[in-house]
Amino acid sequence: TLVSAWVAFQQCLIDSELMLKKAKEKFKSGLLVSAEEFKKAVVYLQDEFNGRGPTSSKLVVVEAMAATQGFQTQAEILKNQEATIRRGLNIFKIEQQQSKLLESVEGDIQHLEAIWKITEEWEGLWNQWKAGRFDELVTTDMEHTSQLLLKRITKLNREIKDKNWEIADSIKGRIEQFKRTMPLIQALKNEAMRDRHWARIKAEVQKPFEHEGETFTLEKIVDLGLDAFAEQINEISGAASKELSIEDALKTIAAAWDELVLDIVPYKDRGHYRLRSVDELFLALEDNQVTLSTMKASRFVRPFEQEVT
């Protein structure tokens, strides 16, 4: 009986070892099958992303971001699967390299997501700028912000240069177009601009608009097509700056004569008065005559011809 129990125990050990061996082989086979299925799943994800990824500029940002997030979720699931498979194969001393293809697909998804984030930022900024009063726009901030976004999208485009994603070219083109209009915006915001200069612009454009009203926004400028008259507007704005220097110089001359103190004393008790000293008076007069002569020679003196002559 003891012998028979011992024999039964030994047989149990043998059977258990065989069962363990079969379980290991089954587990190993299952891992190898899973590894092959994983590779197919990665290829499928790549094909799906290349074929259905949100690369069109016609898409709404919210939809595009949701789509990229969906692809990112699939990539993360596959990464977790890969980690599980690699840990299992490592038990059997089978080395499974990380999938370069999955890394590549995940990188593409992240790049596309970054492009849509820039698009979202740009559209938010543009909606803010285009609706605000033109005279309240801070062009320095606009220039700085658009330049930073342009640098980011340019860097991304270099990294995905072989992808031919329409949204990448589209958003880069939109920012570049805006930057090309910045000189026009700055010209229109020139503090030297007077009503006479705006009248010239309206004559060039041949469209009526109120440049001081709340309706005069960046969007209105685009609707008016003022960018098509950028050369003429820049010329008018430049003339306004030149005219402003003449205007300021005339104000300086007028203010100096208003403040000039005349030293007047009685003349021989005859009830008349005379200037005690005229040196300062003649010096100021000579300086002003030189300044006015220079103004007369300028082609920008026309609005001040009466004052100068």
Side-chain angles (χ1 to χ4, degrees), residues 129 131-144 181-218 220-221 224 226-309:
W129 292 338
R133 284 181 56 125
F134 182 75
D135 55 5
E136 295 176 354
L137 293 177
V138 183
T139 55
T140 51
D141 291 347
M142 294 165 65
E143 176 73 21
H144 178 69
T181 65
M182 278 305 299
L184 171 64
I185 296 171
Q186 290 166 342
L188 290 172
K189 283 187 66 66
N190 185 357
E191 293 182 356
M193 294 279 283
R194 301 291 185 262
D195 287 342
R196 62 179 181 273
H197 303 116
W198 285 103
R200 287 178 59 189
I201 291 175
K202 292 171 186 176
E204 289 283 352
V205 178
Q206 295 186 347
K207 292 179 182 178
F209 60 90
E210 180 51 61
H211 65 276
E212 291 181 333
E214 291 187 1
T215 58
F216 192 62
T217 62
L218 194 55
K220 180 68 173 179
I221 289 173
L224 288 168
L226 295 190
D227 56 308
F229 302 88
E231 185 177 349
Q232 297 94 316
I233 291 173
N234 284 328
E235 183 179 344
I236 293 170
S237 180
S241 296
K242 298 291 186 182
E243 291 172 11
L244 179 61
S245 64
I246 294 176
E247 182 180 332
D248 289 342
L250 288 173
K251 289 179 180 178
T252 301
I253 291 174
W257 283 98
D258 286 341
E259 296 171 3
L260 186 65
V261 177
L262 299 178
D263 186 9
I264 300 176
V265 295
Y267 178 67
K268 296 182 179 180
D269 298 325
R270 296 181 180 180
H272 302 294
Y273 294 85
R274 68 179 180 84
L275 292 170
R276 188 197 306 251
S277 174
V278 295
D279 292 343
E280 183 179 354
L281 185 65
F282 278 111
L283 181 61
L285 187 60
E286 289 174 1
D287 288 343
N288 293 162
Q289 284 178 329
V290 171
T291 301
L292 291 172
S293 296
T294 303
M295 289 181 186
K296 288 179 183 179
S298 172
R299 65 188 181 92
F300 302 104
V301 75
R302 182 172 295 178
F304 314 100
E305 283 179 338
Q306 290 185 349
E307 292 92 331
V308 172
T309 55

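Residue indices begin at 1 and follow the sequence shown.
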ask   = Quick one: CD on Glu214 to NZ on Lys220, what's the gap to the nearest 0.5 Å?
value = 14.0 Å

request  = Kindly state each residue pair satisfying salt bridge (Lys or Arg N to Asp or Glu O under 4.0 Å) with at least one member in residues 247-267, sequence neighbours excluded.
outcome  = Arg194-Glu247, Glu247-Lys251, Asp263-Arg276

remark   = Here the salt bridge (Lys or Arg N to Asp or Glu O under 4.0 Å) pairs for residues 202-213, sequence neighbours left out, are none

note = Between Ile233 and Leu226 the two heavy atoms that sit nearest each other are CD1-O, 3.7 Å

inquiry  = Once salt bridge (Lys or Arg N to Asp or Glu O under 4.0 Å) is applied, what residue pairs with a partner in residues 297-309 remain, sequence neighbours excluded?
reply    = none

key: Closest contact, heavy atoms only, Ile246 versus Ser298   = CD1-OG, 4.0 Å

inquiry  = Could you measure the distance from the CH2 atom of Trp129 to the CG atom of Asp141? Nearest 0.5 Å is fine.
reply    = 8.5 Å

Mind listing the side-chain donor-acceptor pairs of residues 278-288 below 3.5 Å, one per line with the distance, residues two or more places apart or on another chain?
residue : atom : partner : partner atom : Å
Asn288  : OD1  : Trp257  : NE1          : 2.5

key: Minimum heavy-atom distance Thr217-Ala131, with the two atoms named   = CG2-O, 3.7 Å

query = Roughly how far, to the nearest 0.5 Å, is the OH atom of Tyr267 from the CZ atom of Arg274?
reply = 8.0 Å

Point-to-point distance, once rounded to the nearest 0.5 Å, from OG1 of Thr291 to CG of Leu250 = 9.5 Å

Only pairs under 3.5 Å count here: list side-chain donor-acceptor contacts from residues 181-189, not counting sequence neighbours, and write none if there are none.
residue : atom : partner : partner atom : Å
Thr181  : OG1  : Phe178  : O            : 2.5
Lys189  : NZ   : Phe134  : O            : 3.2
Lys189  : NZ   : Asp135  : O            : 3.3
Lys189  : NZ   : Leu137  : O            : 3.2

query = With under 30° as parallel and over 60° as perpendicular, where do the rings of Phe209 and Trp198 fit, or are they tilted in between?
reply = perpendicular

task = Return each pair, listed once, that meets side-chain hydrogen bond (donor to acceptor under 3.5 Å, both in side chains) where at least one residue sits in residues 233-243; pairs must be two or more places apart or across chains.
result = Asn190-Ser237, Asn190-Ser241, Arg196-Glu243, His197-Glu243

